[in-house]
Amino acid sequence: EEDAYVQALEWADRMGAQVVSTSLGYRGWYGDNQFDGKTAPISIAASIAARRGMLIVTAMGNRDTSAYPWPVPYITAPGDAEGVITAGGIEKNLLPWRGTGVGPTSDGRVKPELVALSDTVAVVEPDSEDYLAGAVGTSCATALIAGVCALVKEAHPGWSAESVKSVL
């Protein structure tokens, strides 16, 4: 799967994509000390894409609260990548969403960079054209933040990815 992610980023770059939203996270085969942005192939690829000028927005990850109770650090790759916007989750009352991952990375960088709603977010009901459902997770926050990135880029097409990140 990580190889497919790398190939997808390469394809998106060739197609001229400016914003990439990824709602995935890998943790199972990495130790806590390996979330440094330099170990997982998808983290390395996401960092390279960010250096190439793409806005990469990725989910922080949804913690297993029994194994990683709040506020124990919990991060997934590529959320540990350098130069990406890692999306964390909040509830409607602006407190952290109970399942959001939090940093820091193993090398001490602050994660997530941005947070957005992750609890009961209105989404289109799967396989429907007429109904909405409530969804939860840092995937929701990721989509919301990526959408804001796209809107800012549309309003300011000359801005670099770094400029957009600085404003946000």
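Sequential numbering from 1 along the given sequence is applied to the chain's residues. Quick note: numbers below take in every heavy atom, side chains included, and nothing from hydrogens, waters or symmetry partners.
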Checklist entry - Tell me, do Leu55 and Ile85 make a side-chain contact under 4.5 Å, heavy atoms counted? => result yes
Checklist entry - Any side-chain heavy atom of Ile56 within less than 4.5 Å of one from Leu9? => result yes
Checklist entry - So, do Val167 and Trp159 sit near enough that their side-chain heavy atoms are less than 4.5 Å apart? => result yes
Item to check | Reported CD1-to-CD distance for the pair Ile42 and Glu2, which is rounded to 0.5 angstrom | outcome: 4.5 Å
Checklist entry - Side-chain contact, heavy-atom cut-off 4.5 Å: Thr22 with Tyr5? => result yes
Checklist entry - When hydrophobic residues are tied together by side-chain contacts of less than 4.5 Å, even through go-betweens, does Val20 share a cluster with Leu24? => result yes
Item to check | Co-membership, hydrophobic cluster, residues Val148 and Val57, 4.5 Å side-chain | outcome: yes
Next on the checklist: Could you report the tightest heavy-atom contact between Gly83 and Ala50, atom names first, then the distance?
Outcome noted: O-CB, 3.4 Å
Next on the checklist: Which heavy atom of Ala81 sits nearest to which heavy atom of Ala46, and what is that distance?
Outcome noted: CB-CB, 3.9 Å
Item to check | Separation between OG1 of Thr100 and CG of Asp119, rounded to the nearest 0.5 Å | outcome: 11.5 Å
Next on the checklist: Nearest 0.5 angstrom please: Ile75 CD1 to Asp32 CG, how far?
Outcome noted: 10.5 Å
Next on the checklist: Would you compute the distance between atom OG1 of Thr76 and atom CZ of Arg63 and round it to the nearest 0.5 angstrom?
Outcome noted: 11.5 Å
Item to check | Residue pair Thr65 / Trp70, side-chain heavy-atom distance below 4.5 Å | outcome: no
Checklist entry - Do Ser163 and Ser160 meet the criterion of a side-chain donor-acceptor pair at a distance under 3.5 Å? => result yes
Next on the checklist: Using the rule that Ile, Leu, Val, Met, Phe, Trp and Tyr join whenever any side-chain heavy atoms are under 4.5 Å apart, tell me whether Val72 and Tyr74 fall into a single cluster.
Outcome noted: yes
Checklist entry - When hydrophobic residues are tied together by side-chain contacts of less than 4.5 Å, even through go-betweens, does Leu168 share a cluster with Met54? => result no
Checklist entry - Looking only at heavy atoms, which two atoms of Ala40 and Ala77 are closest? And how far apart? => result CB-CB, 3.6 Å
Item to check | Polar contact flag, side-chain donor to acceptor under 3.5 angstrom, Thr105-Asp36 | outcome: no
Checklist outcome for this item: Distance col, row Asn62:CG vs Ser118:OG, nearest 0.5 angstrom, shows 7.5 Å
Checklist entry - Is the cationic atom of Arg109 (NZ for Lys, CZ for Arg) positioned less than 6.0 Å from the six-membered ring centroid of Phe35 and within 45 degrees of its normal? => result no
Item to check | Closest non-hydrogen atom pair, Ala87 against Ala141 | outcome: CB-C, 4.1 Å
Item to check | Minimum heavy-atom distance between Gly89 and Thr138, given as atom pair plus value | outcome: N-CG2, 4.0 Å
Next on the checklist: Run Val124 and Tyr131 through side-chain contact (heavy atoms from CB on, under 4.5 Å) and show every step you take.
Outcome noted: CA-CA 6 Å; Val124 174; Tyr131 299 101; over 6 Å; no
Checklist entry - Would you call Lys38 and Glu82 a salt bridge, taking side-chain N to carboxylate O under 4.0 Å as the test? => result yes
Item to check | Side-chain H-bond candidate by donor/acceptor type, Asp130 with Ser128, under 3.5 Å | outcome: no
Checklist entry - Between Tyr26 and Trp29, what is the ring plane arrangement, given parallel below 30°, perpendicular above 60°, and tilted in between? => result tilted
Checklist entry - Using a distance-only test with no angle check, is there a side-chain donor-acceptor pair under 3.5 angstrom linking Thr86 and Lys111? => result yes
Next on the checklist: For a quick test of reading the model, state the closest non-hydrogen atom pair linking Ile44 to Thr39 and the distance between them.
Outcome noted: CD1-O, 4.0 Å
Checklist entry - For the atom pair OG1 (Thr58) and CG (Asp80), what is the distance rounded to the nearest 0.5 Å? => result 9.5 Å
Checklist entry - Under a 4.5 Å side-chain heavy-atom rule over Ile, Leu, Val, Met, Phe, Trp and Tyr, are Ile145 and Val164 clustered together? => result yes
Checklist entry - Taking atom CG of Asn93 as the centre, does the number of heavy atoms from other residues, nucleotides or ligands within less than 6.0 Å exceed 12? => result yes
Checklist entry - So do Cys149 and Lys153 actually touch side chain to side chain, heavy atoms under 4.5 Å? => result no
